Amino acid sequence: MRYLCSLYYKNKHIMKSLAEQVKVSAAKAFQSLFPEANVQENDILVNETKPEFKGDYTIVLFPFVKSLRQNPVALGNALGAWLVDNNELFTAHETVSGFLNLSVSDAYWSTFLSDYTLDTDTKDTSLSDKKVMVEYSSPNTNKPLHLGHLRNNFLGNAVAGIVAAAGAEVTKTCVVNDRGVHICKSMIAWQLFANGATPQSEGIKGDHFVGDYYVQFNDEYKRQIKELVAGGMEEKQAEQEAPIMKATQQMLVDWEAGKPEVMSLWNTMNSWVYEGFDTTYKAIGSTFDKIYYESNTYLLGKDLVEEGLAKGVFYQKEDGSVWIDLTTDGLDEKLVRRKDGTSVYITQDIGLAVEKQKEYGIEESIYVVGDEQNYHFKVLKLICQKLGLPAADGIYHLSYGMVELPTGKMKSREGTVVDADDLVAEMVRLAQEQTEAAGKTEGFSTEELAALYEMIGLGALKFYLLRVEPKKKMIFNPEESIDLHGFTATFIQYAHARICSVLRKTGYQATTVALDTHDIFPEEKALLVQLEQYPAILQQAAAELNPAALCNYSFKLAQAFNSFYDKCSIANAESAAKKQLRSEIASLTAKTLKHGLGLLGIGVPEKM
RNA sequence: GGAUCGGUAGCUCAGCUGGAUAGAGCAUCAGCCUUCUAAGCUGAGGGUCAUUGGUUCGAAUCCAAUCCGAUUCACCA
């Protein structure tokens, strides 16, 4: 075996990606052949060679043609010859128009398979031990979670996993909106209509139970407005005068005053909701290291208003309200304290940002929140920066687009909101239905089948919601989401199960013996090329906070495996050496798929 | 009106730090199960990359304008 390790970082275990190695080598070639041009690594563009050409990696020559006054073919030939002569990584070169196609030595892959480790090579040194907080989910305690929350939860959990895998120290948090007018609405409706009913007495999940009263509030509110308008009142006035609304506002005042009956009802109803949420979170795999409640945090940031005034960052209007002028930053004037001295939403967010920083010493704070709050977070960060808060620069709003249905937006008024619990249950049911229809239930116990259906159903749902880039809005097509073919988690899970099945049958054992990678098959190499790119993809996903990149990669890897599987038999390989090589490749593929989907919160079965 | 984001195949989406003939999946059509799991593989058809102009050796990608869609600009949260 030829020695290739000089190409790796000597002092770190982390291996340099093949594409990076090509860049480094090419830069050396340039330095040697054209020292006066001073070409740096980052000036060189390296792509995977298109399948219709011979080679593995391609250097684009056009950028250098002019400055070096060389014609592209001559330049390519010179560089290619130098690389093949001076670097054992390359075995052949060919220049086609302005592209230098380089063939990588078969022996490289043997080194790769023996040196590569999934856990350490995926680490990104720029993130190592960085303290990162991911805030996500953040529900209101007046209604159950819906499809939009699922995208948020899956995103938050996946991003936390990806960033942690890349080396960061991650704290997952959730800010529960457990107070305010909307909470009082459910409470009032319960007082009026429930006759003491509880989730237990009605046999309804707690969050749904409370959500039903929130709906009832709105029905009654509308009815009362109609009645008042019929009696000759203006609509605007009716909205304010409706008795149920007045009662709600009074309740909010009582809550803030800490009136015992109100606090007691509030505690009871919230506990019902939390019980329901716990079930949902458990089902979808959302976990949190720290939960903040707005009832505890809503007064935070008040002292910062005084500080801001003293610093001259804020100013006071004649009526006593406090503002910040952001017009020079292209934004508007923003209120930070009402004239009655109470604080507004953004004020507590400023306070909470400081609180998080104090408590956890975080350097990056990622907020997974829908894109309708883009403006809010822009303002939040700007204010924190102007106040000179240590938490300011680390604020990052991971903004994601709304989930829409093929019929348009989800509207609670029209009853088109897709409930999270219902959807999860439906996906699992469909997984069962399709597994049974395919006749793939043999050899499983009842418990194993239940676990499998959950893995498939939930996996399909998570993948479907994660495969689209976060910032883009997405269409949730129920028919498409239950499809278990093509660009889905099921496809990837299936590839994993196939690998496990083959390796079980062949009695695969990991080997430390050097693998023979001479005369490597195209399907074998294609798979190795994909596998080699995993650390780079993971680091990219972490840098972009983009789980979709991992979805795309995992699918491509599974696709490459399926082609390999079709063409290259493991059990009946041409030779013992081929069998061992293919087993190693297949094993690493399974590990990589499991690792990648695991970060997305998706499990992979060993048989299905 | 200002700001921000999006517009790529019939549908859902990749590709966007400029690079070879723009890619997947679904759907449609045609093949492949006496051999490791056919939830799979192989192939075909399908495109004015919203429009127009600019930058350059080269633009889906960068810039400008326009059109369409969404969000936002509360003493709400």
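Everything quoted here is computed from the prediction, not taken from an experiment. Every chain is numbered from 1, with letters handed out A, B, ... down the list of sequences.
- Residue ring and nucleobase are stacked for A/Phe62 and B/rG19, with a centre distance beneath 5.5 angstrom and an angle between planes beneath 30°.
- Of the side-chain N and O atoms in A/Arg498, one or more sit less than 4.0 angstrom from OP1 or OP2 of B/rA38.
- B/rG19 and B/rC63 have their P atoms separated by 14 Å, given to the nearest Å.
- Base contact: A/Lys607 has a heavy atom under 4.0 Å from a base atom.
- At a threshold of 4.0 angstrom between heavy atoms, the contacts of A/Lys567 with the nucleic acid are absent.
- With a cut-off of 3.5 Å on both Watson-Crick or G-U wobble distances, the partner of B/rA64 is given as B/rU52.
- Atom CG in A/Asn477 sits about 13 Å away from atom C1' in B/rG25, given to the nearest Å.
- Under the stacking criterion of a centre-to-centre distance below 5.5 angstrom and an interplanar angle below 30°, A/Phe99 is not stacked against the six-membered ring of B/rG19.
- Between the CD atom of A/Gln373 and the C1' atom of B/rA77 there is a distance of 8 Å, rounded to whole Å.
- Looking at heavy-atom distances under 4.0 Å, A/Pro406 makes no contact with the nucleic acid at all.
- An anti base is found at B/rC68: its glycosidic angle is more than 90° from 0.
- The line from SG of A/Cys500 to CG of A/Leu593 is 9.5 Å long, rounded to the nearest 0.5 Å.
- Each of B/rA39, B/rA77, B/rA20 was ranked by its minimum atom distance to the side chain of A/Glu52; first place goes to B/rA20.
- Of the side-chain N and O atoms in A/Gln559, one or more sit less than 4.0 angstrom from OP1 or OP2 of B/rG25.
- Inter-residue side-chain proximity for A/His93 and A/Asn77 is flagged as met; some heavy-atom pair is nearer than 4.5 Å.
- In this entry the distance linking CG of A/Leu398 with C1' of B/rC5 reads 14 Å, nearest Å.
- Using Watson-Crick or G-U wobble geometry with both donor-acceptor distances under 3.5 Å, B/rC33 finds no partner in any strand shown.
- Comparing B/rC75, B/rC36, B/rA14 against the side chain of A/Ile570 picks out B/rC36 as the nearest.
- The shortest distance between the side-chain N/O atoms of A/Lys505 and the OP1/OP2 oxygens of B/rU37 is below 4.0 Å.
- Base pairing annotation: B/rU12 forms a Watson-Crick or G-U wobble pair with B/rA24, both donor-acceptor distances under 3.5 Å.
- A/Phe30 and A/Phe64 have tilted rings, their planes meeting at an angle from 30° to 60° on a 0 to 90° scale.
- Contact between the side-chain N/O atoms of A/His485 and the OP1/OP2 oxygens of B/rG40 is found at a separation under 4.0 Å.
- One finds a side-chain N or O of A/Arg338 lying less than 4.0 angstrom from the OP1 or OP2 phosphate oxygen of B/rC76.
- As the counterpart of B/rU72, B/rG2 is assigned, both hydrogen-bonding distances of the Watson-Crick or G-U wobble pattern falling under 3.5 Å.
- B/rA77 atom C1' lies 11 Å from atom CG of A/Asn142, rounded to whole Å.
- In this structure, CD of A/Glu48 is placed 13 Å from P of B/rA24, rounded to the nearest angstrom.
- In this model, the phosphate group of B/rC41 is approached by a side-chain N or O of A/Asn562 to a distance below 4.0 Å at OP1 or OP2.
- A/Met402 comes within contact range of no nucleotide atom at all, as no heavy-atom separation falls under 4.0 Å.
- The nearest whole Å value for the distance from the CG atom in A/Asp349 to the P atom in B/rC76 is 16 Å.
- Looking at the side chain of A/Tyr494, the nearest of the listed nucleotides B/rA77, B/rG25, B/rU37 is B/rU37.
- Backbone-only engagement by A/Glu294 is indicated by non-hydrogen atom pairs under 4.0 Å involving sugar-phosphate atoms exclusively.
- Between A/Val176 and A/Tyr292, the closest side-chain pair of non-hydrogen atoms is not below 4.5 Å.
- Relative to the ring axis of A/Trp323, A/Lys317 places its NZ or CZ within 45° and under 6.0 Å from the centre.
- The aromatic ring of A/Tyr375 does not sit over the base of B/rA3; the criterion of centres under 5.5 Å apart with planes under 30° is not met.
- Nearest to the side chain of A/Ser321, among B/rC26, B/rU12, B/rC75, sits B/rC75.
- Between the side chain of A/Ser501 and the base of B/rC36 there is no donor-acceptor pair of N/O atoms closer than 3.5 Å.
- A close approach under 4.0 Å does not occur between any side-chain nitrogen or oxygen of A/Lys339 and OP1 or OP2 of B/rC75.
- In this structure, A/Leu593 places its CG atom 15 Å from C1' of B/rU37, rounding to the nearest Å.
- Rounded to an integer number of Å, the gap from CG of A/Asn71 to P of B/rC57 is 17 Å.
- Checking the phosphate oxygens (OP1, OP2) of B/rU42, a side-chain nitrogen or oxygen of A/Ser563 falls inside 4.0 Å.
- Formation of a donor-acceptor pair under 3.5 Å by the A/Ser583 side chain with backbone atoms of A/Lys579 is found in this model.
- Checking A/Phe555, A/Tyr464, A/Phe561 one by one against A/Phe491, the ring-ring contact (aromatic ring centres under 6.0 Å, His included) holds for a single residue, A/Phe555.
- The base of B/rA74 does not come close enough to the side chain of A/Asp332 for any donor and acceptor atom to sit less than 3.5 Å apart.
- With hydrogens and angles left out, the side chain of A/Thr488 and the base of B/rA39 share no donor-acceptor pair within 3.5 Å.
- Geometric assessment of A/Lys607 against the ring of A/Phe444 yields a positive cation-pi assignment under the 6.0 Å and 45° thresholds.
- Side chain A/Lys440 to base B/rA39: a donor-acceptor pair is found below 3.5 Å.
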